[in-house]
Amino acid sequence: MTQKSNLSAGREYLAIPGPSVIPDAVLQAMHRAAPNIYAGALPDMMPGLVADLRRVARTRHHVAIYIGNGHAAWEAALANVIGAGDRVLVPATGSFGHDWGDMAAGLGAEVETLDFGKASAMDMARIGEALKADRSHAIKAVLAVHVDTSSSVRNDIAALRAVMDEAGHPALLMVDCIASLGCDVFEMDDWGVDVMVTACQKGLMVPPGMAFVFFNDKAGEVRRQMPRVSRYWDWTPRAAPDLFYQYWNGTAPTHHVYGLRAALDMIHAEGIEAVWRRHEVLAHAIWAACSAWGAGGSLAFNVAEPDARSRAVTSLKLESPQATALRDWTENQLGLTLGIGLGMATRGDPAWHGFFRLGHMGHINGHMIMGMLGGVDAGLKALDIPHGPGALEAASTVIATGQLSAGASE
Ligand SMILES: *Cc1c(COP(=O)(O)O)cnc(C)c1O
């Protein structure tokens, strides 16, 4: 009998779709004594930080910053423009769309959901019909998730704006870029997005704890027409503060501010277009590997259409319970943690063990992605899960050549 050794000692790799890998530069920037919050480096950092956040979001407009996670960003954005009795339209392509809609319902909004399932992008024709049917323009906002992190569906936000314009509908276009910002291409101003929400722990590479709401003047005007807005969530003072504490409505998340400064320095040193390109190439390498595995077994993409796939996260199917067995194996044997099939099936349901996700957002490079794929490949072998050959070869070819056709033809 051969003795199997455990190979998990060494640096662990958290390949889940958020929180993502934290760069050493971010960790080091956060490792410091408590800074003064009334004067000095911390308050002085803010104007540059705001400018650099706008550059990542590709907007000339406003940003309000909150201590909170992505759910806080959802509530913050809604609290400024949506009140009891207002109507919102939610084109959902996975669980996060439904969850944002549910948050609007919690504020008393009337929520109309168009459910496009969990494996394909929004059907723009159906959204156009729903908008045209709303002759009185009662729908105040469309809540769209750019990349739904559960299904790994990526939606075409520019096309959504075009459908809204074509219908002549004045609703606000509000977009959740929590998974996609700093990974998938996103152009807030060019695509006509009125409100964009994100958080710091995915493409922005900072530990969870900061949420951001970007908004344009049209959304600012809708905010001004609101009968009341909760003092804490009000974006007005946060986006145009006279004093440092107004950015945060209280004490700043001191160390997170230093972490974000370091992360934005990294993003802008590389260049946002280069960051997008890196995610594009690495996503195609992952898809090439998955296509090869799938050609000889049951592994399959959740999203068949490459254009509708995120460049930050990939949801995959295996026969239940193989996905859970694979995740357990890579984590315990290799120190490689893969993502659970969140939102794809109910926990406790046997189908839940048939989904897993690869996170590839933020601080990732070619050798990390080859390592992650190598870990999955070893797991498929060790567990005797049927799969096609040549996955690592296919991935390394994409990385070597930068040719994106390998996965895109799938
Ligand atoms: C992660 C995520 C959220 C939720 O963020 P939390 O920080 O967990 O509250 C919402 N939407 C999308 C698209 C996400 O990826």
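Basis for what follows: all heavy atoms, side chains included, without hydrogens, waters or symmetry-related copies.
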Novice: Can you confirm if the NZ or CZ of R309 lies within 45° of the ring axis of W287 and under 6.0 Å from the centre of its six-membered ring?
Specialist: yes
Novice: I would like to know whether E129 and R126 meet salt bridge (charged side-chain N to carboxylate O under 4.0 Å, His left out); could you show each step before the answer?
Specialist: CA-CA 5 Å; E129 280 162 28; R126 263 182 71 198; over 6 Å; no
Novice: Under the side chain to side chain contact (heavy atoms under 4.5 Å, CB included) rule, what do Y247 and R238 come out as? Steps first, then yes or no, please.
Specialist: CA-CA 4 Å; Y247 279 106; R238 289 174 187 262; 5.9 Å; no
Novice: Taking only residues at least two apart or on different chains, which pairs with a member in residues 42-59 satisfy side-chain hydrogen bond (donor to acceptor under 3.5 Å, both in side chains)?
Specialist: D52-R55, D52-R261, R58-E187, R58-E273, T59-D189
Novice: With a sphere of 6.0 Å drawn around CD of E270, does it hold more than 12 non-hydrogen atoms of other residues, nucleotides or ligands?
Specialist: yes
Novice: Do the side-chain N and O atoms of D134 and H169 include a donor-acceptor pair separated by under 3.5 angstrom?
Specialist: yes
Novice: Closest heavy-atom contact between H256 and G209?
Specialist: NE2-CA, 3.9 Å
Novice: Could you pull out the closest heavy-atom pair between D86 and V81, with the gap in Å?
Specialist: OD2-O, 3.9 Å
Novice: Starting at CG of D217, measure out to NE2 of H61 and round the result to the nearest 0.5 Å.
Specialist: 6.0 Å
Novice: Just by modelled atom types, is the G83 backbone N or O under 3.5 Å from a matching donor or acceptor in the K140 side chain?
Specialist: no
Novice: Starting at OG1 of T93, measure out to CG of D148 and round the result to the nearest 0.5 Å.
Specialist: 4.5 Å
Novice: Fit a plane to each ring of F186 and H146, take the angle between them on a 0 to 90° scale, and name the class: parallel (under 30°), tilted (30 to 60°) or perpendicular (over 60°).
Specialist: tilted
Novice: Can you measure from CG (L78) to OG (S230) and round to the nearest 0.5 angstrom?
Specialist: 12.0 Å
Novice: Is the backbone N or O of W233 less than 3.5 Å from a side-chain atom of N249, with the two atoms forming a donor-acceptor pair by type?
Specialist: no
Novice: Determine whether F301 and T314 satisfy the following criterion, side chain to side chain contact (heavy atoms under 4.5 Å, CB included), listing intermediate values before the conclusion.
Specialist: CA-CA 8 Å; F301 289 103; T314 301; 4.2 Å; yes
Novice: Applying side-chain contact (heavy atoms from CB on, under 4.5 Å), name anything that partners L383, two or more places apart in sequence or on another chain.
Specialist: A325, L326, W329, I385
Novice: So which heavy atom on G343 is nearest to which on S150, and how close?
Specialist: CA-CB, 4.3 Å
Novice: Quick one: does any side-chain atom of H363 pair with a main-chain N or O of S20 as donor and acceptor, under 3.5 Å?
Specialist: no
Novice: Just so I know, are the side chains of W352 and T346 near enough to count as touching, which here means a heavy-atom distance under 4.5 Å?
Specialist: no
Novice: So, the side chain of N155 versus the backbone of I157: is there a donor-acceptor pair under 3.5 Å, distance only?
Specialist: no
Novice: Would you check if V195 and W235 make a side-chain contact, meaning some heavy-atom pair closer than 4.5 Å?
Specialist: yes
Novice: Within the structure provided, determine whether T236 and R224 are in side-chain contact (heavy-atom separation under 4.5 Å).
Specialist: no
Novice: Is M196 close to L181 at the side-chain level, that is, under 4.5 Å between some pair of heavy atoms?
Specialist: yes
Novice: Do the side chains of T198 and F214 get nearer than 4.5 Å, heavy atoms only?
Specialist: yes
Novice: Closer than 3.5 angstrom, by distance alone: can the side chain of T330 be matched with the main-chain N or O of L336 as a donor-acceptor pair?
Specialist: yes
Novice: For I267 and L204: C-alpha separation, side-chain torsions, deciding distance, then whether side chain to side chain contact (heavy atoms under 4.5 Å, CB included) applies.
Specialist: CA-CA 8 Å; I267 289 171; L204 295 180; 3.9 Å; yes
Novice: Suppose the criterion is side-chain hydrogen bond (donor to acceptor under 3.5 Å, both in side chains): which pairs have a residue in residues 103-121, not counting sequence neighbours?
Specialist: R87-E112
Novice: Answer with yes or no whether the side chains of S310 and D184 bring together a donor and an acceptor at under 3.5 Å.
Specialist: yes
Novice: Hey, is the main chain of P350 close enough, under 3.5 Å, to the side chain of S320 for a donor-acceptor pair?
Specialist: yes
Novice: Rounded at 0.5 Å granularity, tell me how far CG in L42 sits from OH in Y258.
Specialist: 5.0 Å
Novice: On a heavy-atom basis, which atom in A144 and which in L173 lie closest, and how many Å separate them?
Specialist: CB-CD1, 4.5 Å
Novice: For S315, give me all partners under side-chain contact (heavy atoms from CB on, under 4.5 Å), at least two apart in sequence or on another chain.
Specialist: S152, N302, R357
Novice: Of the non-hydrogen atoms in A167 and K132, which two are nearest, and what is the gap between them?
Specialist: CB-CG, 3.9 Å
Novice: Going by side chain to side chain donor-acceptor pair (under 3.5 Å), R311 matches just one of H360, E280, H279. Which one?
Specialist: E280
Novice: Is any side-chain heavy atom of D234 less than 4.5 Å from a side-chain heavy atom of N80?
Specialist: yes
Novice: So with a 6.0 Å cut-off around CD of Q246, is the heavy-atom count from everything else above 12?
Specialist: yes
Novice: Name all residues meeting the salt bridge (Lys or Arg N to Asp or Glu O under 4.0 Å) criterion together with D156; count only those two or more places apart in sequence or in a different chain, and write none if there are none.
Specialist: none
Novice: Side chain to side chain contact (heavy atoms under 4.5 Å, CB included) for F356 and L318? Distances and angles first, verdict last.
Specialist: CA-CA 8 Å; F356 70 108; L318 272 173; 3.8 Å; yes
Novice: Mind checking what makes salt bridge (Lys or Arg N to Asp or Glu O under 4.0 Å) contact with R135, not counting sequence neighbours?
Specialist: none
Novice: If you compare all heavy atoms of A105 against all heavy atoms of V111, which two are closest, and at what distance to 0.1 Å?
Specialist: N-CG2, 3.8 Å
Novice: Would W293 and D377 count as having a side-chain donor-acceptor pair, cut-off 3.5 Å?
Specialist: yes
Novice: To the nearest 0.5 angstrom, please state how far the CD atom of Q403 sits from the OG1 atom of T397.
Specialist: 10.5 Å
Novice: If you round to the nearest 0.5 Å, how far is CG of D194 from CG of L172?
Specialist: 5.0 Å
Novice: Do W248 and M210 have side chains that get closer than 4.5 Å, going by heavy atoms?
Specialist: yes
Novice: Quick one: are V21 and Y13 in side-chain contact, heavy atoms under 4.5 Å?
Specialist: yes
